[in-house]
Amino acid sequence: MLQIDLAGIKLRNFLILASGVVGSDVSMYLRAWENGIGAIVTKTFTIERREGFTTPIITAVRCGYLNAVGLENPGKEGMKPVIEYLKKCGIPTIVSIAGRDVDEFLQLASIAYESNADAVELNLSCPHAKGLGLEIGLDRELTVRIIKRIKDDFDMKVFPKLGLSSNVTEIAKSAEVAGADGVVLINTIRGMKIDIWLAKPVLSNKFGGLSGPAIHPIAVAVVYQAYEHLNIPIIASGGVWDWEDVVEFLMAGAKAVQIGSVLTDKGFEFIRETIENIKNFMNSRGYKSVEELIGVAHE
Amino acid sequence: MSTLKSGAHQGYLVDRSKEIVGAEIIKSVRENVLVKSIYLRPFRPLAKPKPGQFVMIWVPNMEEIPMSVSGFYGDHFRISVASVGPTTRVLNELPVGTLVGVKGFLGNALQLGNKKYLLVGGGYGVAPLVYAMAGIRNSHGEAQIVIGARTRDLLLFLDEAKRFGKVHISTDDGSEGFHGTALDLAKEILSSESFDEVIVCGPEPLLIGVSELCSEYNIQAYVLAERYMKCGIGLCGSCVLDGSGLLVCRDGPVFDARIYLKALRRKISKN
């Protein structure tokens with residue numbers, strides 16, 4: 001009932017752990033898996049090891065969370081053990097990678113490929129790392145080149161994760177034309193929190209990525225619009241805070257849905273409860289498979 | 001300024017205890033050569049911390065670090081800071097009136113009840129235990145505490161602890177009380193008197209030692225674990241308890257001693 005085929009990758013359900021929300025220790029990924037997640041996106045890997053930003057790196061705000069972790073990761077040397085461990089556990093593994101240019105993306109994709117990852121997610125949308133993420137992803141021509149080169153060199157699924165922009169649908173379409181197997185929409189949105197008593201931004205990086213309930217309707221709109229223009233699957237991401245939000249994404253046209261910050265508030269049990277609640281919803285509304293839900297809001 | 005406070009939780013879609021808010025240092029008291037108690041009044045009132053919970057303290061231009069709560073007094077609370085790193089050294093020198101950021105209170109908590117407890121504190125691990133002693137008294141339980149330190153001048157909160165229950169003192173050099181470690185003294189006490197539960201906080205060897213001791217004596221024990229933390233709310237994964245899939249900030253800092261030992265043994269067998 002809940003199984004999906006995501007661009008050829010068989011998943012037991014459509015819920016995917018978003019990148020970077022539980023750190024990079026494999027025991028945390030395993031815990032998400034034990035609680036029922038359908039696939040894991042790893043924390044983003046870069047070529048060099050990164051310490052990440054100094055603290056504070058996260059704060060709650062009225063309508064979500066604001067974070068600037070700074071792409072902390074062990075570098076490309078850390079990829080293989082993580083991917084191989086997850087694959088050994090039978091977990092569908094999507095490896096998030098972020099390069100500064102085409103060559104860096106190719107190097108990282110090559111390690112993911114050799115380690116038998118199911119797919120790479122291209123981080124083209126982290127809103128707070130210099131020279132990485134969104135700074136690359138807003139360059140449509142560069143995005144296209146990165147996808148093309150990876151698809152040319154490796155027989156592996158590629159999912160670019162795109163950030164909010166005025167032309168996100170066009171960039172997604174270009175990604176499809178370039179050979180992307182699916183697109184992930186959207187990442188956090190750049191924001192800031194100033195504490196009025198301290199009279200300064202509270203994150204060390206000043207700017208952070210806003211996640212949580214505030215961005216959910218924005219993400220739904222992006223997914224809905226993209227669905228009308230794309231033929232490849234859409235993986236939705238942004239502000240899922242309850243099972244209804246997941247269903248909304250599916251109805252907007254997403255084939256799979258990433259969850260992240262909500263685990264900070266509600267714990268890993270959220271995964272199990274969400275799956276259970278969606279099953280009940282489908283039963284009560286007469287939906288026999290997920291496929292019947294996908295894009296239904298367009299009809 | 002102190003009368004102007006923003007609303008507690010109205011209109012918040014997420015857990016507001018995870019929001020950084022300004023707080024003023026209203027008092028600081030030197031406890032010993034290493035430790036200073038700092039009293040903080042947040043500009044937005046925080047929900048009362050449960051014993052065992054912690055708070056993230058951000059010293060602007062320095063880091064945000066986790067601290068145990070050693071006391072709570074309605075509109076302000078106390079942390080007891082040992083100067084062990086760059087941020088704690090600066091924190092301990094901040095004058096009254098300085099503003100810092102606080103995020104809390106975070107983590108799980110001790111489940112206290114009408115029971116007989118032995119608390120075992122080594123070094124500045126005593127800080128959260130004196131707050132727990134107040135909690136035990138409120139739950140109509142009975143508490144005794146082992147306060148251990150390397151030397152007598154490093155003993156913490158002796159007078160305060162005496163108000164809540166019997167105090168046993170140990171010093172490694174024998175300069176006051178029992179000559180030996182807090183673990184040695186705990187062993188002596190547990191072999192002659194029975195307790196319903198043991199709670200331990202302090203250096204890791206003490207946590208391990210007391211956990212093993214209680215498993216041997218078949219006494220329910222809880223540890224207050226400490227790890228390096230970057231976010232304090234379960235996002236960054238830096239405080240994962242040694243590959244166990246358990247986060248000290250979210251699943252802890254209070255752990256059943258058996259689960260704690262199992263997590264640490266897994267690390268030992270992995271290395």
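All figures in this text were calculated on a predicted structure; none of them were measured in a lab. Letters A, B, ... mirror the listed sequences (proteins, then strands); counts begin at 1.
- Here the side chain of B:Lys230 pairs no donor or acceptor atom with the backbone of A:Thr54 at under 3.5 angstrom.
- For the options B:Met56, B:Arg250, B:Glu24, heavy-atom pairs under 4.5 Å to chain A are most numerous at B:Arg250.
- Heavy atoms of A:Leu30 lying under 4.5 Å from chain B are absent altogether.
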Checklist entry - Please walk me through it: do B:Val14 and A:Cys63 pass side chain to side chain contact (heavy atoms under 4.5 Å, CB included)? => result CA-CA 7 Å; B:Val14 301; A:Cys63 48; over 6 Å; no

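- Counting non-hydrogen atoms of neighbouring residues, nucleotides and ligands closer than 6.0 angstrom, the CD atom of B:Glu212 exceeds 12 such neighbours.
- Atom CG in B:Leu235 sits 5.0 Å away from atom OG1 in A:Thr264 (nearest 0.5 Å).
- The number of heavy atoms from other shown groups lying within 6.0 Å of CZ (A:Phe281) is above 12.
- Shown here is B:Gln111, whose CD atom has no more than 12 heavy atoms of other residues, nucleotides or ligands within 6.0 Å.
- Of the two parts of B:Lys103, only the side chain, counted from C-beta on, holds a non-hydrogen atom closer than 4.5 Å to a non-hydrogen atom of chain A.
- For A:Glu34, no part sits under 4.5 Å from any heavy atom of chain B, backbone or side chain.
- The 12-atom threshold is exceeded at NZ of B:Lys36, counting heavy atoms of other residues, nucleotides or ligands nearer than 6.0 Å.
- Open room surrounds CZ on A:Arg190; 12 or fewer heavy atoms of other groups in view lie less than 6.0 Å from it.
- For A:Leu263, the part lying under 4.5 angstrom from a heavy atom of chain B is the backbone only.
- Closest non-hydrogen pair, A:Pro201 versus B:Trp58, comes out as O-CH2, 3.6 Å.
- Interface summary for chain B: among A:Gly52, A:Gly212, A:Ala32, A:Gly267, the most heavy-atom pairs under 4.5 angstrom belong to A:Gly267.
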Item to check | From CA spacing to verdict: side chain to side chain contact (heavy atoms under 4.5 Å, CB included), A:Met28, B:Leu247 | outcome: CA-CA 9 Å; A:Met28 301 307 297; B:Leu247 295 172; 3.6 Å; yes

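- Without hydrogens or angle criteria, A:Asp265 side chain to B:Asp15 main chain gives a donor-acceptor distance under 3.5 Å.
- Within 6.0 Å of OH in B:Tyr124 there are 12 or fewer heavy atoms belonging to other residues, nucleotides or ligands.
- For chain B, the option among A:Tyr65, A:Trp241, A:Phe53 with the highest count of heavy-atom pairs below 4.5 Å is A:Tyr65.
- Within the model, atoms CG of A:Asn67 and CD1 of B:Ile233 stand 9.0 Å from one another, a figure rounded to the nearest 0.5 Å.
- Between chain B and the options A:Ala214, A:Gly260, A:Gly64, heavy-atom pairs under 4.5 Å are most frequent for A:Gly64.
- Heavy atoms only, all atoms of each residue included: A:Asp25 and B:Val240 are closest at OD2-CG1, 3.5 Å.
- When all heavy atoms of B:Gly245 and A:Ser27 are compared, the pair lying nearest together is N-OG, 2.9 Å.
- Judged purely by atom type and a 3.5 angstrom limit, A:Asp195 uses its side chain to pair as donor or acceptor with the backbone of B:Gly22.
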Next on the checklist: Determine whether B:Val21 and A:Trp197 satisfy the following criterion, side chain to side chain contact (heavy atoms under 4.5 Å, CB included), listing intermediate values before the conclusion.
Outcome noted: CA-CA 8 Å; B:Val21 63; A:Trp197 314 99; 4.1 Å; yes

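- Separating the OG1 atom in A:Thr55 from the OH atom in B:Tyr228 is a distance of 6.0 Å, to the nearest 0.5 Å.
- Counting heavy-atom pairs under 4.5 Å between each of B:Gly232, B:Cys236, B:Ala23 and chain A puts B:Cys236 at the top.
- Between B:Arg44 atom CZ and A:Ile196 atom CD1 the span is 11.0 Å, to the nearest 0.5 Å.
- Summarising the geometry, atom CZ belonging to A:Arg31 is positioned 5.5 Å from atom CG belonging to B:Leu246; distances are rounded to the nearest 0.5 Å.
- With values rounded to the nearest 0.5 angstrom, B:Glu19 atom CD is found 4.0 Å from A:Lys193 atom NZ.
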